Amino acid sequence: MTLSWLALGGAILASLAGQVLLKAGTLGEGGFLAQLLRWQTMLGLSCYGGSAFLYILALRQIPMSVALPSTAISYVAIALIGYFAFGEPLGAQKIAAIALICAGVVLLATA
């Protein structure tokens, strides 16, 4: 079962990397096609593929009712990455939402 949890953690991290790379791909000049052809976008899409593969491995042992909600921790991480890496706003309402997500993930993980 530990290998499944490692696969789930890897899936979450790969998904986060994909998000960051897709955002980085939007920062250049040009239209949508140019964005799709940037190395950051292509690598980000590859990260999503790897994430799906790892998630499938995790689902072999972890119930879906636990695995999918556990990926919600990525919402917390991506909000913080957006704030620190891309200067996106992080107000009181977002911080409260992050706290609720964290509480939900902990509650699910301990059930």
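Nothing here was measured: the structure is a model prediction, and the numbers come from that model. Start at 1 with the first residue, then count along the sequence. All values below were derived from every heavy atom in this structure, side-chain atoms included, with hydrogens, water molecules and symmetry-related copies excluded.
- Closest approach of Gln40 and Ala24 over heavy atoms only: CG-CB, 4.1 Å.
- Taking hydrophobic clusters as Ile, Leu, Val, Met, Phe, Trp and Tyr residues chained together by side-chain heavy-atom distances below 4.5 Å, Phe32 does not share a cluster with Met42.
- A salt bridge does not link Glu88 with Lys94: none of the charged nitrogens is closer than 4.0 Å to a carboxylate oxygen.
- With rounding to the nearest 0.5 angstrom, the CD1 atom of Ile56 is 9.5 Å from the OG atom of Ser51.
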(message) Using side chain to side chain contact (heavy atoms under 4.5 Å, CB included), reason through Leu22 and Tyr48 one step at a time and then give a plain yes or no.
(response) CA-CA 10 Å; Leu22 290 178; Tyr48 272 126; 3.2 Å; yes

(message) Using side chain to side chain contact (heavy atoms under 4.5 Å, CB included), reason through Cys47 and Leu21 one step at a time and then give a plain yes or no.
(response) CA-CA 9 Å; Cys47 286; Leu21 287 163; 4.0 Å; yes

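- Following chains of ILVMFWY side-chain contacts shorter than 4.5 Å, one can reach Leu16 starting from Tyr55, so the two form part of one hydrophobic cluster.
- With hydrogens and angles disregarded, no donor-acceptor distance shorter than 3.5 Å links the side chain of Ser15 to the backbone of Ala11.
- Rounding to the nearest 0.5 angstrom, the gap separating the CZ atom in Arg38 from the CG atom in Leu43 is 14.5 Å.
- Within the 4.5 Å cutoff, the side chain of Leu90 has heavy atoms near those of the Ile98 side chain.
- Linking Ile, Leu, Val, Met, Phe, Trp and Tyr whenever their side-chain heavy atoms come within less than 4.5 Å puts Tyr75 and Leu68 in one cluster.
- Between Gly25 and Thr41, the closest heavy-atom pair is CA-OG1, 3.6 Å.
- Residue Thr26 comes nearest to Gln35 through the heavy atom pair CG2-NE2, 3.0 Å, listed as atom of the first residue, atom of the second, then distance.
- Under the 4.5 Å side-chain heavy-atom criterion for Ile, Leu, Val, Met, Phe, Trp and Tyr, Ile12 and Leu80 are members of the same hydrophobic cluster.
- In plain terms, the two heavy atoms of Ala58 and Ser4 that are nearest each other are CB-O, 3.4 Å.
- Counting heavy atoms from C-beta on, the side chains of Leu57 and Leu54 come closer than 4.5 Å.
- In this structure the side chain of Leu8 reaches within 4.5 angstrom of the side chain of Ile62, judged on heavy atoms.
- The same ILVMFWY cluster, assembled from side-chain heavy atoms under 4.5 Å apart, contains both Val20 and Tyr83.
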